[in-house]
Number of protein chains: 2
Amino acid sequence: MITQHPDRDQIRLENVLSALGNPMRLQVVRVLAAEGERACGGLLPEMSRSTLTHHWRVLRDSGVIWQRPSGRENLLSLRREDLDARFPGLLDALLAAAEANAATEKSDSAS
Amino acid sequence: MITQHPDRDQIRLENVLSALGNPMRLQVVRVLAAEGERACGGLLPEMSRSTLTHHWRVLRDSGVIWQRPSGRENLLSLRREDLDARFPGLLDALLAAAEANAATEKSDSAS
DNA sequence: TGGATTGTTCGACCGTACTCGTAGGGTCGC
DNA sequence: GCGACCCTACGAGTACGGTCGAACAATCCA
């Protein structure tokens, strides 16, 4: 039954930050930001189904994503409007930071 | 001996976000941003010393603050320059978001 | 209808995070 | 030197987070 998405006004910064503090979830958010709505599967394919469900729940409960069923799939999308309204500029700064972060991550592993 | 502060280039976004995902630490960062360098004590006075030390360590290891001894005190300060260089705009967006967040927190508890 | 596909739920395990009390090590002022 | 002060280090307890497998529910397609 898709646990409750929080209202825009109920989105708490602590929850958003700890949700995005996990590299898996941060990566998911980057993909959603770049490519729009996407099905659950296909992101993070090397994890077990139940682990994925856990991560969707964290992102959903913290107010970062919408999750809506469509047939036998679940579609995920960023709550960009709500996040922008609640915390102006934060999402863009986070996405830019994630990009910078990923760049050094790549060069780190190459060194 | 003050565990190692990470170099600017070694600051990882995941660590910063999960450090700031804790309300106590987020509050500390807000105070440091507003008031500059401050002694350890006086922030979060209702926690035990050892708990505070734990939080300073998390903030320090994630690259969010500098910690330097001065006499028998330890002074904390935001690593604003490093954070701005590494993740431009992120810190300001986070501080603004923290402000918005604290505003609703207050009205929540008042309701 | 029946099988394949997709997600969720549940219980479990393990590691990490948060908290505290106690003990120890510097530093300041008398 | 000595006590008071500030913080750190360590150990312990509790809670939470991330991961998995197995079982279940819903949907699609042949």
Side-chain angles (χ1 to χ4, degrees), chain A residues 1-6 12-32 35 37-77 105, chain B residues 1-6 12-32 35 37-78:
Chain A
M1 117 212 144
I2 301 285
T3 352
Q4 212 75 325
H5 293 74
R12 314 270 341 135
L13 182 58
E14 313 88 90
N15 298 340
V16 172
L17 295 184
S18 43
L20 268 41
N22 180 296
M24 311 289 175
R25 293 194 289 259
L26 185 58
Q27 174 60 19
V28 169
V29 168
R30 293 184 66 208
V31 173
L32 292 181
E35 310 190 4
E37 195 171 43
R38 285 201 42 172
C40 271
L43 320 178
L44 271 40
E46 44 255 36
M47 320 210 68
S48 90
R49 308 257 176 206
S50 40
T51 303
L52 294 178
T53 299
H54 165 67
H55 286 307
W56 310 146
R57 171 195 291 275
V58 174
L59 286 169
R60 178 179 5 105
D61 289 357
S62 63
V64 175
I65 64 169
W66 291 116
Q67 185 176 21
R68 71 180 177 91
S70 161
R72 59 182 156 182
E73 293 187 325
N74 262 322
L75 299 181
L76 307 181
S77 57
E105 193 171 48
Chain B
M1 121 214 143
I2 301 287
T3 354
Q4 212 75 325
H5 293 74
R12 314 263 351 130
L13 181 59
E14 313 88 270
N15 298 340
V16 172
L17 294 185
S18 42
L20 268 41
N22 180 298
M24 311 289 176
R25 294 193 289 259
L26 186 58
Q27 174 60 18
V28 168
V29 168
R30 293 183 68 207
V31 173
L32 292 180
E35 310 189 5
E37 195 170 43
R38 285 202 43 173
C40 271
L43 319 178
L44 271 42
E46 43 254 37
M47 320 210 67
S48 90
R49 305 264 175 202
S50 40
T51 302
L52 294 178
T53 299
H54 164 69
H55 287 307
W56 311 145
R57 171 196 293 275
V58 174
L59 286 169
R60 179 183 359 109
D61 290 356
S62 63
V64 176
I65 64 169
W66 292 117
Q67 185 175 21
R68 72 181 177 88
S70 161
R72 59 183 155 182
E73 293 188 324
N74 262 320
L75 299 180
L76 307 181
S77 56
L78 251 189

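Model, not experiment: these values are computed from the prediction. Below, chains carry the letters A, B, ... as their sequence lines are ordered, and counting in each starts from 1.
Residues A/V58 and A/R25 meet the side-chain proximity criterion, which asks for heavy atoms closer than 4.5 Å. Side-chain contact between B/R12 and B/P6 is absent, with no heavy atoms from C-beta onward closer than 4.5 Å. Taking the side chain as every heavy atom from C-beta outward, B/Q67 and B/H5 approach each other to under 4.5 Å.
Put simply, CG on B/L76 is 15 Å from P on D/dC6, counting in whole angstrom units. Summarising the geometry, the separation between CD on A/E14 and C1' on C/dA17 is reported as 17 Å, rounded to the nearest angstrom. Following rounding to the nearest Å, B/R25 (CZ) and C/dA17 (P) show an atom-to-atom distance of 9 Å. Atom CH2 of B/W56 is separated from atom C1' of D/dC7 by 11 Å (rounded to the nearest Å). Rounded to an integer number of Å, the gap from B/L75 CG to D/dC6 P is 13 Å. The distance from atom NE2 of A/H54 to atom P of C/dG7 is 17 Å, rounded to the nearest whole Å. Between the P atom of C/dC18 and the CG atom of B/L26 lies a distance of 13 Å, rounded to the nearest Å. Nucleotide D/dT19 holds its C1' atom 14 Å from the CD atom of A/E46, rounded to whole Å.
Atom CG in A/L20 sits 12.5 Å away from atom CG in B/L20 (nearest 0.5 Å). Remark: A/L76 CG to A/L32 CG distance equals 6.0 Å, nearest 0.5 Å.
The two atoms that bring B/I65 and B/W56 nearest to each other are CD1-O, 4.0 Å, heavy atoms only. When all heavy atoms of A/L43 and A/V31 are compared, the closest pair comes out as CD2-CG1, 3.8 Å. Taking each heavy atom of B/A19 and B/L59 in turn, the nearest pair found is CB-CD2, 4.3 Å. Across all non-hydrogen atoms, the minimal contact from B/G21 to A/E14 is O-CB, 3.4 Å.
The phosphate of D/dG17 (OP1 or OP2) has no side-chain N or O of A/H55 nearer than 4.0 angstrom. An OP1 or OP2 oxygen of D/dC6 is reached within less than 4.0 angstrom by no side-chain nitrogen or oxygen of B/N74. Residue B/N22 places at least one side-chain N or O closer than 4.0 Å to OP1 or OP2 of C/dC18. Between A/Q67 and C/dG7 there is no side-chain polar atom (N or O) within less than 4.0 angstrom of OP1 or OP2.
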Restricting both atoms to N or O, compile the protein contacts to nucleotides 21-28 of chain D shorter than 3.5 Å, with distance only.
| unit_1 | atom_1 | unit_2 | atom_2 | d |
| --- | --- | --- | --- | --- |
| D/dG21 | N7 | A/S50 | OG | 3.3 |
| D/dG21 | O6 | A/S50 | OG | 2.7 |

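The strand DNA chain C forms stems, runs of 3 or more Watson-Crick or G-U wobble pairs with distances below 3.5 Å, at C:1-30 with D:1-30.
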